[in-house]
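All figures in this text were calculated on a predicted structure; none of them were measured in a lab. When a residue number appears, it is its place in the shown sequence, counting from 1.
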Amino acid sequence: GFKYLPMGFFYGPQVNLYGGYAKYSYNVESSTADGFGENAISGFFLGVGGSMPVQKRFRIEGKGEIIPYSGFEDSSSTFGTVKSSGSMYFKVGASYQYNRSMTIDGGFEVINNSARFNSGITQVNYRDSVFKIGSTFVY
């Protein structure tokens, strides 16, 4: 990845460009005769993100990732041949510097993976929406 500091110091705005490999595995516990089973969407992803201070102790952040040429694996061969697949990840969040060694963090993220097929079941979608809240401690 690459981190760019527009104002030249770490506690100011930050822009991140990064990439890597991701694999989202799904196992729907049902029979393959019902059209479910184990499958996965994977590939090399590209991401962009950033964060910006709003006040002295409050920072907002966001990031997004896509897998431009994703692959779909179906171990049970339930769905047939893949026409296309896609993957998208999006996150927005904020952090508050409670004291010198602790931040309170919160965020909302959405993961959306899908695949289209040539025959039989025409499409499968997996969507995860997650709200997170926690804290970070630095010693």
Report task. Using modelled atom types only, decide if a donor and an acceptor are shared between the side chain of S87 and the backbone of I66 within a distance under 3.5 Å. Result -> no

Query raised in the report: Does a sphere of radius 6.0 Å around OH in Y26 hold more than 12 heavy atoms from other residues, nucleotides or ligands, not counting ones at 6.0 Å or beyond?
Result: yes

Report summary line: Distance col, row S42:OG vs Y24:OH, nearest 0.5 angstrom, shows 11.0 Å

Query raised in the report: Is there side-chain contact between L5 and Q14, with at least one heavy-atom pair below 4.5 Å?
Result: yes

Query raised in the report: Under 3.5 Å, is there a donor-acceptor pair linking the side chains of S95 and T103?
Result: no

Query raised in the report: Quick one: CG on N113 to OG on S85, what's the gap to the nearest 0.5 Å?
Result: 9.0 Å

Report task. State whether a side-chain donor-acceptor pair under 3.5 Å links N16 with K3. Result -> yes

**Report entry** Other residues, nucleotides, ligands: >12 heavy atoms within 6.0 Å of Y69 OH
**Finding:** no

**Report entry** ILVMFWY cluster, Y18 and V15 together (side-chain gap under 4.5 Å)
**Finding:** no

**Report entry** Nearest-0.5 Å distance, NZ of residue K91 to NZ of residue K63
**Finding:** 5.5 Å

Report task. Take F90 and E109, measure what side chain to side chain contact (heavy atoms under 4.5 Å, CB included) needs, and give me the verdict at the end. Result -> CA-CA 6 Å; F90 178 72; E109 29 183 84; over 6 Å; no

Query raised in the report: Does a side-chain heavy-atom distance below 4.5 Å link P13 with P53?
Result: yes

Query - F58, CZ atom: more than 12 neighbouring heavy atoms under 6.0 Å - result: yes

Query - Short N-O contact, E73 and K23, less than 4.0 angstrom - result: yes

Query raised in the report: Looking at side-chain heavy atoms only, is the closest gap between R57 and Y98 below 4.5 Å?
Result: no

Quiz: residues 126-139 side-chain donor-acceptor pairs under 3.5 angstrom, not counting sequence neighbours:
from : atom 1 : to   : atom 2 : distance (Å)
Y126 : OH     : N39  : OD1    : 3.0
Y126 : OH     : N39  : ND2    : 3.0
T136 : OG1    : D105 : OD2    : 2.6

Query raised in the report: Under a single-linkage definition using a 4.5 Å side-chain heavy-atom cutoff for Ile, Leu, Val, Met, Phe, Trp and Tyr, are V92 and I111 assigned to the same hydrophobic cluster?
Result: no

Report task. Report yes if the side chains of Q97 and M102 come closer than 4.5 Å at any heavy-atom pair, otherwise no. Result -> no

Report task. Measure the shortest side-chain to side-chain distance between F45 and Y89 over non-hydrogen atoms and say whether it is less than 4.5 angstrom. Result -> no

Query raised in the report: With side chains defined as the heavy atoms from C-beta onward, is the minimum distance between S51 and I60 less than 4.5 Å?
Result: no

**Report entry** Distance (rounded to the nearest 0.5 Å) between S25 OG and I41 CD1
**Finding:** 10.0 Å

Query raised in the report: Once you round to the nearest 0.5 Å, how far does NZ of K83 lie from CG of N118?
Result: 6.5 Å

Query raised in the report: Do F72 and F117 pass the ring-ring contact (aromatic ring centres under 6.0 Å, His included) test, and can you show the C-alpha distance, the side-chain angles, and the key distance before you say yes or no?
Result: CA-CA 10 Å; F72 183 81; F117 307 98; 5.3 Å; yes

